[in-house]
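Structure, as structure tokens:
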Amino acid sequence: MCGIIGIVSKSSVNQELYDGLTVLQHRGQDAAGIVTCDNERFYLRKNNGLVRDVFHTRHMMNLRGNMGIGHVRYPTAGCASSAEAQPFYVNSPYGITLAHNGNLTNAEALKNDLFKEDLRHINTDSDTEILLNIFAHELHRLNKLDITEEDVFTAIKSVHRRCQGAYAVVGMIMGRGIFAFRDPHGIRPVVFGKRNTSQGMEYIIASESVAIDVLGYQLVRDIHPGEAIFISNTGQLHSRQCAENVVYAPCIFELVYMARPDSMMDGISVYKARLKMGKTLAKKIIRTYPDHAIDVVIPIPDTSRTAALQVARVLQCKYREGLIKNRYIPRTFIMPGQSLRKKSVRQKLNAIHLEFKGKNVLLVDDSIVRGTTSKQIIQMARESGAKKVYFASAAPPVRYPNVYGIDMPAVEELLAHDASVNEVARKIGADWLIYQDLEDLIACARKGNKSIKQFDTSCFTGQYVTGDVDQSYLDRVASYRNDNAKTTKENKELGVIDLHNSI
């Protein structure tokens with residue numbers, strides 16, 4: 001999961017790109033980058049860290065030009081190297097820079113083809129560098145000094161033919177314009193908007209509509225699965241369907257956890273979808289535990305608040321903010337290393353003891369992945385004097401890894417994998433646990449856009465919509481996603497020597 005943005009304006013874009021990335025910060029807290037274009041030159045700043053830490057006044061002043069792209073990253077393979085901060089750049093042909101959100105499922109084969117057939121070297125482990133070089137190669141094959149939007153679309157058609165997996169891409173061609181495209185399943189989100197000024201039309205591309213709203217643009221629509229758009233540096237918008245065999249299947253976990261509630265995504269209000277999740281979850285609680293004796297419903301901030309409000313309303317129970325969040329701690333779900341996650345939960349949340357003492361408490365969260373956070377919060381509730389602690393998840397059990405750009409851990413680290421609901425409840429220390437039914441979750445999402453016939457629900461079902469994910473691929477992913485692999489890689493990047501293994 002990452003955040004992308006691109007702007008073609010009639011004035012300097014550096015501040016708007018910065019502001020847009022801060023709005024998308026929840027999508028990636030590992031690294032940030034911006035590239036602008038002015039007078040046949042690219043100006044780049046990227047590094048590890050939050051947006052506010054990567055860009056200082058001297059960097060902003062150097063990001064000159066009226067068009068540019070930006071990216072916030074979190075590592076989908078456990079790598080925190082600044083070498084993989086985006087956007088990436090190649091000088092041939094024309095000068096191209098590109099950023100992307102997602103994961104290529106045939107990345108290894110593509111990397112081999114790029115070297116052996118296209119004579120291109122890939123210097124990082126990033127799928128983005130692969131995408132950039134494939135696009136650049138396909139554009140170079142046209143062998144034209146001056147290119148049109150049709151040439152860009154022709155190259156993107158070839159990218160679709162070669163690349164498999166999930167990808168939402170924004171890129172920029174020196175002095176010509178900005179392009180964006182989405183994989184044929186529309187797994188990862190991307191939208192675009194416009195703004196009419198006295199100087200002419202300006203355009204924006206972003207992972208979520210909230211960035212468009214905050215910057216004062218008008219949301220036009222989502223980029224369709226397999227579709228590409230090109231915005232010239234003079235502000236002309238062009239679009240084409242560039243992929244064959246399009247099957248609309250956006251990631252449902254975006255609605256559960258990833259996206260901000262004030263975003264519209266694939267025509268669906270994230271906020272309303274989460275309200276519906278709370279309503280169906282409460283109805284299941286009533287069916288399963290008609291004599292639940294819940295005194296208070298408390299959300300685990302922040303993502304679950306919307307659903308928890310509806311749970312409390314339907315159950316006719318009090319809703320209270322019993323857990324206060326330190327907003328300066330990153331999202332623990334995306335932190336590598338179990339020990340770091342455990343430490344961060346206690347730093348991130350603190351209980352208001354009066355809301356727990358002597359009460360039967362229902363804690364509501366968006367989902368349970370590793371269970372680290374859930375277990376510690378339940379322990380905090382008991383230490384605060386709760387009589388009973390119940391737990392409700394607005395999502396079904398997460399039993400399988402996500403391979404489309406969300407860094408869910410290796411399957412053996414998923415708490416619900418090969419475990420019953422009662423076993424998970426025992427592991428996290430809940431008196432009882434209830435999950436959302438998958439059918440209800442899909443219904444909650446589809447109410448916002450009934451034209452969507454299916455969603456990517458692979459982390460719940462193990463069924464991968466691209467049809468190219470087998471056990472050998474999952475084993476390979478697990479080898480670099482488990483905590484041991486991440487810790488080893490981080491230590492190498494930091495120059496830490498394992499004395500035991502070096503003897």
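What you are looking at is a predicted structure, and each value in this text was computed from that prediction instead of being measured. Only heavy atoms go into these numbers, but all of them, side chains included; no hydrogens, no water, no symmetry mates. Each residue takes its place number in the sequence, starting with 1.
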Item to check | Heavy-atom side-chain contact between Tyr248 and Asp266 under 4.5 Å | outcome: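 SC-SC contact between Tyr248 and Asp266 confirmed.
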Next on the checklist: With heavy-atom distances below 4.5 Å as the criterion, would you say the side chains of Ile7 and Tyr217 are in contact?
Outcome noted: yes
Less than 3.5 Å apart, any donor N or O on the side chain of [X] or [Y] sitting next to an acceptor on the other?
X	Y	value
His224	Arg221	yes
Asn66	Ser9	no
Thr128	Gln86	yes
Glu208	His26	yes
Tyr167	His160	yes
Arg476	Ser479	no
Tyr404	Thr466	yes
Glu129	Thr124	yes
Asp475	Gln471	yes
Gln436	Thr280	yes

Checklist entry - Taking the six-membered ring for Trp, are the ring centroids of His56 and His59 within less than 6.0 Å of each other? => result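 Yes.
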Item to check | Qualifying residue, where the test is side chain to side chain contact (heavy atoms under 4.5 Å, CB included) with Ile268 and the options are Ile252, Ile452, Asp222 | outcome: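 Passing option: Ile452.
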Item to check | Plane angle bin for Phe460 and Phe253 - parallel if under 30°, tilted between 30 and 60°, otherwise perpendicular | outcome: tilted
Checklist entry - For the atom pair CG (Leu21) and OG (Ser207), what is the distance rounded to the nearest 0.5 Å? => result 9.5 Å
Item to check | Interatomic spacing from CG in Leu237 to CD1 in Ile229 - rounded to 0.5 Å | outcome: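 So the CG of Leu237 and the CD1 of Ile229 are separated by 5.5 Å.
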Next on the checklist: For the residue pair Lys46 and Phe55, would you count it as a cation-pi contact if the rule is NZ or CZ under 6.0 angstrom from the ring centre and within 45 degrees of the ring axis?
Outcome noted: no
